[in-house]
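See below for the structure under consideration.
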Amino acid sequence: MIKVFFDASVIFSALYSPNGGSFYLVSLVNNKKIVGISSKNVIDELLNNVDKFPPNKNINIDLIDKFIFENNFLIRNSITTSELKPFLSVVVEKDVHVIAGAYITKCDYLVTLDK
């Protein structure tokens, strides 16, 4: 089965809108058409930015945890500093955990909404 590493931007977008492409990708994970993988680093990024959701969306830490669990995501432990090192020359430092996570978990694809 195809393994896809999800960045925080895609999960954020899926939480925000049940009509977009990000939510569609999550539905593929939920329906076991693809394997959705992320890391503790990505989840921490989501949790640290929960205040960026509009108040009327009622998105909080508990809802994020529930969303990840109910949609069958596999979450890898945090990417360590030593695991990040080989990728520091590939991408800006704040995003290196995403590239490293996708590589370490042997994903076929990485999805992000970042440039």
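This one's a predicted model, so the numbers in the text were calculated from it and none came from an experiment.
- A 4.5 Å side-chain heavy-atom check between Lys3 and Ile34 finds every atom pair outside the cut-off.
- From Met1, atom CE reaches atom CG of Asp108 across 11.5 Å, with rounding to the nearest 0.5 Å.
- Between the CG atom in Leu46 and the CZ atom in Phe12 there is a gap of 8.0 Å [rounded to 0.5 Å].
- In terms of heavy atoms, Pro86 sits closest to Ser89 at O-OG, 4.4 Å.
- Under the 4.5 Å side-chain criterion, counting only non-hydrogen atoms from C-beta, Val111 is not in contact with Phe5.
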Should Val4 and Leu25 be marked as a side chain to side chain contact (heavy atoms under 4.5 Å, CB included) after you check the CA-CA gap, both sets of side-chain angles, and the distance that decides it? CA-CA 9 Å; Val4 180; Leu25 287 173; 6.0 Å; no

Please lay out, stage by stage, how Leu84 and Thr80 fare under the test side chain to side chain contact (heavy atoms under 4.5 Å, CB included). CA-CA 6 Å; Leu84 294 175; Thr80 66; over 6 Å; no

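- In this structure, OG on Ser9 lies 11.0 Å from CG on Asn49, to the nearest 0.5 angstrom.
- Nearest heavy-atom pair, Ile75 versus Ser39, reported as atom, atom and distance to 0.1 Å: CG2-C, 3.7 Å.
- Using a 4.5 Å cut-off on side-chain heavy atoms (C-beta onward), Leu110 and Ile99 make contact.
- Under the rule for a side-chain contact (heavy atoms from CB on, under 4.5 Å), the partners of Ser13 that lie at least two apart in sequence or sit in another chain are Ser22, Leu113.
- Under the 4.5 Å side-chain criterion, counting only non-hydrogen atoms from C-beta, Asp7 is in contact with Asp114.
- Ionic pairing of Lys40 and Asp44 is present here: one or more N-O contacts between side-chain nitrogen and carboxylate oxygen are shorter than 4.0 angstrom.
- Side-chain contact, His97 with Glu83: no donor N or O sits under 3.5 Å from an acceptor N or O.
- Counting only heavy atoms from C-beta outward, the side chains of Val26 and Ile11 never approach each other to under 4.5 Å.
- Here ring pair (Phe, Tyr, Trp, His ring centres under 6.0 Å) pairs that include residues 59-96, with residues two or more places apart or in two chains, are Phe6-Phe73, Phe87-Tyr103.
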Kindly indicate, with the supporting measurements, whether the criterion side chain to side chain contact (heavy atoms under 4.5 Å, CB included) is fulfilled by Ile104 and Ile79. CA-CA 9 Å; Ile104 291 165; Ile79 311 300; 4.0 Å; yes

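- Side-chain contact between Val35 and Ile37: present, with at least one pair of heavy atoms (C-beta onward) separated by less than 4.5 Å.
- Nearest heavy-atom pair, Asn77 versus Asn41, reported as atom, atom and distance to 0.1 Å: O-OD1, 4.3 Å.
- When all heavy atoms of Asn30 and Asn72 are compared, the closest pair comes out as O-ND2, 3.1 Å.
- Contact detail for Val50 and Asn60: the closest heavy-atom pair is CG2-CA, 3.7 Å.
- Residues Ile59 and Leu15 share a closest heavy-atom pair of CD1-O, 3.6 Å.
- Residue pairs that meet the ring pair (Phe, Tyr, Trp, His ring centres under 6.0 Å) test with at least one member in residues 14-35, sequence neighbours left out, do not exist here.
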